[in-house]
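For the numbers below, each heavy atom of this structure counts, side chains included, while hydrogens, waters and symmetry mates do not. Everything quoted here is computed from the prediction, not taken from an experiment. Numbers here simply count residues along the sequence, with the first being 1.
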Amino acid sequence: MWKRIPLLASVLLMLANLGQAQAPEPIPAPDDILFQFQTQSGQTRFHLGETIPVTFTFSSSSQGQYVFTDCGAWHRPMNISCSPATDIPIRSLAHPEFNEFERMLSPCLGPGWSDGYYGCAEPIPLGVTPVRFPAPLSRYVRFSAPGRYACVATSTQVGKIAGGNSGPPLMTKSEPLTFEIVDDPNWSHAAAEAYDQTYAKFCRTDDLKEAQQQRCFDIADRIANLDTIESLATEIKYFDGKQHSWDNGFWTAILATSYPTDGLRLLSERMQAADFQVSAETVKLLAIWDLKAQTPDAFSGAAPALYHEQAVAVLRRYVRLFGRSLRRKKADNLGFSANTYHEIANQQQCGSEPLISQEEQEQTLSAAGLTWDFSRNGVDAIGDPDRHP
């Protein structure tokens, strides 16, 4: 990772100006900016599903004229395009189907969605000393078939410093990076087993030191990159829905799986386990996968209102499914999961009635030894009002 270098106030003013209003269209970068895109080891042959570590390098022969920034106000991430064409992994984006599903559930509310603003990290001045940062290529593209590929990186993360302000972002473009992807199921199976065993041995704890976290990040990323049914089962096995002191990234990998039908089966079973803490996102992902299996065209751009009743029905089914599992939840998962149940069950999807009737909600919570406390808008254990799950 690069070292962050403090900049003059003029550069910060430049970025503040960029953060306001709509970002201008980028223009081609001048010849004194060099942008390189390479594999970290120089390797040119990889297995399908293998992590491909790459390095992006920025430099300039004109010292102090340009700055690199990952400023979110530009809304222009690094882009990788390959020939033959590749897929963009969903985990590199905000999952678009969640927004579409919300529109199906409540078409009466209208669009009302925006991209948001994600802020900026401190910018880095460019000069003859290269600024490098590594990343897995799978963050940007997914290779679903073997073959020989040529990939080009483009970035608008460079701007020119000029009197405290900046003109349009500069479009930098790399030379093509060529490599071969080969399909080897035996390698994929052996790799999945090895990564699973290593993760189970070293990473199934919250108490990871920083050096251990980096190792576990790498193992988790390798599992995710395999993108097989076997690797998906591993991700779901180790995903428990909780917020931990470090994030293994399995949730975003599950979102990006190429096997949603298997994901639906595996995650719906996992959601009901005693050690799984259920969030609204988990329930809605299952409903999305189920709706897509029933009606593949539901997320193809048609009016969301056309699928309103079907979306509500499928969501209700999964709320009931996980509601029945509350009685089996461990104490440290029960309160959170029960609140999730009430939150979704009580929603009115463009109607006057909740998704799940109040009577059914009370029966479900009672079966788990809980009751709803309206005074604090939360659940309590029956018979012990002072003990909150």
Side-chain angles (χ1 to χ4, degrees), residues 1-2 23-62 65-72 74-93 123-160 167-184 187-188 191 218 221-222 224-227 252-253 256 258:
M1 295 296 291
W2 58 66
E25 288 299 314
I27 60 175
D31 294 337
D32 56 350
I33 296 176
L34 177 63
F35 174 42
Q36 294 178 299
F37 166 46
Q38 302 166 315
T39 59
Q40 291 180 21
S41 62
Q43 184 177 343
T44 58
R45 191 171 187 269
F46 301 90
H47 292 97
L48 189 64
E50 184 176 356
T51 296
I52 302 179
V54 298
T55 300
F56 303 103
T57 305
F58 295 85
S59 62
S60 173
S61 58
S62 300
Q65 294 295 309
Y66 305 98
V67 63
F68 172 89
T69 177
D70 60 356
C71 185
W74 289 9
H75 293 294
R76 299 184 186 279
M78 181 82 67
N79 180 65
I80 309 292
S81 59
C82 299
S83 179
T86 54
D87 299 324
I88 299 176
I90 288 177
R91 58 183 165 169
S92 71
L93 309 169
I124 303 170
L126 292 185
V128 293
T129 302
V131 173
R132 296 185 176 93
F133 64 96
L137 189 54
S138 56
R139 180 179 301 171
Y140 306 97
V141 293
R142 167 187 279 168
F143 300 96
S144 55
R148 186 163 185 82
Y149 291 85
C151 298
V152 173
T154 55
S155 169
T156 55
Q157 296 163 294
V158 173
K160 185 173 183 179
L170 303 175
M171 174 73 76
T172 55
K173 186 175 181 179
S174 75
E175 293 296 323
L177 173 64
T178 59
F179 50 87
E180 184 182 9
I181 301 288
V182 297
D183 188 11
D184 185 347
W187 176 89
S188 298
D218 180 66
D221 194 51
R222 290 174 185 272
N225 288 342
L226 289 173
D227 192 30
T252 49
S258 297

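- Contact record, Gln40 with Pro134: NE2-CB, 3.2 Å, taken as the closest heavy-atom pair.
- A donor-acceptor pair under 3.5 Å links the side-chain atoms of Thr172 to the main chain of Ser155, judged by distance alone.
- Closest heavy-atom contact between Gln157 and Met78: OE1-CE, 3.3 Å.
- Under the 30°/60° scheme for interplanar angles, the aromatic rings of Phe68 and Phe58 are found to be tilted.
- Taking the six-membered ring for Trp and thresholds of 30 and 60 degrees, His47 and Trp187 have nearly parallel ring planes, at less than 30 degrees apart.
- Checking each of Leu34, Val158, Asp32, Val67 against Leu126 for a side-chain contact (heavy atoms from CB on, under 4.5 Å) leaves exactly one that passes, namely Val158.
- The side-chain heavy atoms of Ile80 and Val54, taken from C-beta on, include no pair separated by under 4.5 Å.
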Show your reasoning for whether side chain to side chain contact (heavy atoms under 4.5 Å, CB included) applies to Cys151 and Phe179.
-> CA-CA 9 Å; Cys151 298; Phe179 50 87; 3.8 Å; yes
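- Two residues are said to be in side-chain contact when any heavy atoms from C-beta on lie closer than 4.5 Å; Pro30 and Leu170 meet this criterion.
- In this structure, CZ in Arg45 is found 14.5 Å from OG1 in Thr39, a value given to the nearest 0.5 Å.
- The CZ atom of Arg132 sits 14.0 Å away from atom CZ of Phe56, with the distance rounded to the nearest 0.5 Å.
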Might you work through the side chain to side chain contact (heavy atoms under 4.5 Å, CB included) test for Leu177 and Leu137, ending with a clear yes or no?
-> CA-CA 11 Å; Leu177 173 64; Leu137 189 54; 5.5 Å; no
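- Between atom CZ of residue Phe35 and atom OG1 of residue Thr57 there is a gap of 8.5 Å, rounded to the nearest 0.5 Å.
- In plain terms, the two heavy atoms of Thr178 and Ala150 that are nearest each other are CG2-CB, 3.8 Å.
- Atom CD of Glu180 is surrounded by more than 12 heavy atoms from other residues, nucleotides or ligands within 6.0 Å.
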For Phe37 and Tyr140, run ring-ring contact (aromatic ring centres under 6.0 Å, His included): C-alpha distance rounded to whole Å, both residues' side-chain angles, the deciding distance at 0.1 Å, then the answer.
-> CA-CA 13 Å; Phe37 166 46; Tyr140 306 97; 8.4 Å; no
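- For the atom pair Ile124 CD1 and Phe133 CZ, the distance stands at 9.0 Å (nearest 0.5 Å).
- With values rounded to the nearest 0.5 angstrom, Thr55 atom OG1 is found 7.5 Å from Gln38 atom CD.
- Nearest heavy-atom pair, Pro130 versus Ser59, reported as atom, atom and distance to 0.1 Å: CA-CB, 4.0 Å.
- Here the closest heavy-atom approach between residue Ser138 and residue Asn225 is recorded as OG-OD1, 2.7 Å.
- Note that CZ of Arg142 is 14.0 Å distant from SG of Cys82, once rounded to the nearest 0.5 Å.
- The two residues Pro136 and Thr51 come nearest to each other via the heavy atoms CB-CG2, 4.4 Å.
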